[in-house]
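Report on the structure given below.
Just so you know, these numbers come straight off a predicted model, no measurement behind them.
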Amino acid sequence: MACRKALFLLLPALLTGCLDEAKTTNTTNTPPAVSISMVNLGQSLFEDISLSSDGNQACASCHDINHAFTDPDNSIPVSEGSVTGLFGTRNTPTIAYARFTPALHQELDEGELLWMGGLFLDGREDSLEDQAKRPFFNPVEMNNADVPSLINRLRSSPNATAFLAVFGSDALDPGKEEQALDQMTQAIAAFERTPLFSPFTSRFDQYLRGETTLTTQELEGMAMFVRADKGNCAACHVITRSANGEPPVFTDFSYDNLGVPRNTDTRFYTASFTDPGLAANTNVNDPLLNGKFRVPTLRNIEKTAPYMHNGVFTDLRTIVEFYNSRDTEPQRWGETEYPDTINRSELGNLKLSDREIDAIVAFMKTLTDQI
């Protein structure tokens, strides 16, 4: 007990002192200059359902502020698009704290060349601007046929006047559709870079600032979270500050195949469905990376169920149980999509007790922003 107490007392110093070395390099593009008017326009465009094919879906439909910028319908593992009855195959990730995600790149880590960063779960876009374009044209999302179709909707949108005020009275003229798309996503990205998306207001942040205390269970969970011989969560969900001093966003932006079970919900997945993740990224295109997805932030994880790329888990405790016993109770978890590329060195048999599992879950709940 004395050793555990000593570790609890030491953790705040570790988190703000000698462990404050960034694990990743920030290689994001420098964001463009913005104005308050552009940010306000970006918010309006983010919430504009008229920009979808059926006039019923906006960015905010699947990235709801009251659900930590994820889909408010957590009863199903995927999201429904503008066209009724059409669904994607991936669980909608949060876009909270997305502005800290570096562009897709490779880093040498302990002799291994790793892919890091990139937006979407497979890293296929490098900037918030480019990420914002994709859903407009995805047939299972906002379902616009092409750029002219989208800009035509913008011309008759309630936000057309504000758009012209920000980007010029000729910004929506015929022949300027591609430029207008770039301007739309510039405004949306400006909104996504505001503190609304990354407020750092969780109890954990308050604890780091010395403004509150954590419970004994939460402190024990934090200890398990950082211990390499126990939870080892911090190996990927980095708990240290970035190189420029920002609080941790609880990801190293790397990619992993965790051996997540297939989702057997036949409404959305066939028995033979596989999602190659990073391997299908045209910038990578490497079958040795099949089933690898970018490590997500754990901030607001309490609010972002269901979990994993296929939404197979519905609660936090089950995730920790899976990490703990994937390899010791394979019959419980079932078949995975790409068994040959699974990370078998950092999870699968963590030997956590029930109490330690509960403690880790309690600690993760301290990462919920107080909005």
Indicate yes or no: does [X] engage [Y] in a salt bridge with an N to O separation below 4.0 Å.
| X | Y | answer |
| --- | --- | --- |
| Asp205 | Arg299 | yes |
| Lys133 | Asp130 | yes |
| Arg267 | Asp265 | yes |

So [Y] and [X], do their side chains get closer than 4.5 Å, heavy atoms only?
| X | Y | answer |
| --- | --- | --- |
| Glu356 | Asn324 | no |
| Phe136 | Met184 | yes |
| Glu80 | Asp73 | no |
| Leu350 | Val320 | no |
| Ser82 | Glu141 | no |
| Met222 | Ile239 | yes |
| Phe293 | Leu278 | no |
| Thr240 | Pro248 | no |

(Q) Walk me through whether Asp54 and Ser52 qualify under side chain to side chain donor-acceptor pair (under 3.5 Å). (A) CA-CA 6 Å; Asp54 290 18; Ser52 61; over 6 Å; no

Testing the 3.5 Å rule here: is there a donor-acceptor pair between the side chains of [X] and [Y]?
| X | Y | value |
| --- | --- | --- |
| Thr304 | Thr94 | no |
| Ser61 | Gln57 | no |
| Asn285 | Thr282 | no |
| Asn143 | Ser53 | yes |

Flag, side chain of [X] to backbone of [Y], donor-acceptor distance under 3.5 Å:
| X | Y | result |
| --- | --- | --- |
| Thr194 | Ala190 | no |
| Gln370 | Thr368 | yes |
| Asn300 | Lys303 | no |
| Arg294 | Gly123 | no |
| Glu177 | Gly175 | yes |
| Asn310 | Pro261 | yes |
| Tyr323 | Asn232 | no |
| Arg203 | Thr213 | yes |
| Gln179 | Lys176 | no |
| Asn144 | Phe137 | no |

Using 30° and 60° as the class boundaries, would you call the ring planes of [X] and [Y] parallel, tilted or perpendicular?
| X | Y | result |
| --- | --- | --- |
| Phe100 | Tyr97 | parallel |
| Trp333 | Phe322 | perpendicular |
| His237 | Phe225 | tilted |

Rounded to the nearest 0.5 Å, how far apart are [atom1] of [X] and [atom2] of [Y]?
| X | Y | atom1 | atom2 | answer |
| --- | --- | --- | --- | --- |
| Leu367 | Glu302 | CG | CD | 9.5 Å |
| Arg326 | Leu347 | CZ | CG | 4.0 Å |
| Leu114 | Leu289 | CG | CG | 10.0 Å |
| Phe273 | Glu337 | CZ | CD | 6.0 Å |
| Glu47 | Ile188 | CD | CD1 | 10.5 Å |
| Leu51 | Ser149 | CG | OG | 12.0 Å |

If you take all heavy atoms of [X] and [Y], which pair is closest and at what distance?
| X | Y | value |
| --- | --- | --- |
| Asn290 | Thr341 | O-OG1, 2.5 Å |
| Arg153 | Ser50 | CD-O, 3.4 Å |
| Gly311 | Pro306 | O-CB, 3.5 Å |
| Thr366 | Ser202 | O-CB, 3.2 Å |
| Gly118 | Tyr255 | O-OH, 4.0 Å |
| Ile76 | Phe87 | CD1-CE2, 3.8 Å |

Q | Other residues, nucleotides, ligands: >12 heavy atoms within 6.0 Å of Glu110 CD | A |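 Atom CD in Glu110 is not packed in, count stays at 12 or less.
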
Q. Near Ile36 CD1, under 6.0 Å, is it more than 12 heavy atoms from other residues, nucleotides or ligands?
A.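 At most 12 heavy atoms, drawn from other residues, nucleotides or ligands, come within 6.0 Å of this atom.
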
Q. Pick one: which of Leu258, Asn91, Leu121, Asn263 meets side chain to side chain contact (heavy atoms under 4.5 Å, CB included) with Met308?
A.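 Considering Leu258, Asn91, Leu121, Asn263, a side chain to side chain contact (heavy atoms under 4.5 Å, CB included) with Met308 is found only for Leu258.
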
Q. In terms of hydrophobic clusters joined by side-chain contacts under 4.5 Å, are Val166 and Phe46 together?
A.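 Yes, because Val166 and Phe46 connect within a single hydrophobic cluster, where side-chain heavy atoms sit under 4.5 Å apart.
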
Q | Candidates Thr274, Asp275, Asn257 - the one meeting side-chain hydrogen bond (donor to acceptor under 3.5 Å, both in side chains) with Tyr338 | A |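 Running side-chain hydrogen bond (donor to acceptor under 3.5 Å, both in side chains) over Thr274, Asp275, Asn257 with Tyr338 returns exactly one hit, Thr274.
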
Q | Leu119: hydrophobic cluster co-members (side-chain, 4.5 Å) | A |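 Traced through the cluster, Leu119 reaches Leu128.
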
(Q) Which residues end up grouped with Val140 if you chain together Ile, Leu, Val, Met, Phe, Trp and Tyr wherever their side-chain heavy atoms are less than 4.5 Å apart? (A)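 Direct or chained contacts put Val140 with Val83, Leu86.
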
Q: Before giving the answer on side chain to side chain contact (heavy atoms under 4.5 Å, CB included), spell out for Leu104 and Asp126 the whole-Å C-alpha distance, their side-chain angles and the decisive distance to 0.1 Å.
A: CA-CA 6 Å; Leu104 185 68; Asp126 284 339; 3.5 Å; yes

Q: For residues 143-165, pull every pair meeting ring-ring contact (aromatic ring centres under 6.0 Å, His included), keeping only residues two or more places apart or in separate chains.
A: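 Listed by first then second residue: Phe163-Phe167.
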
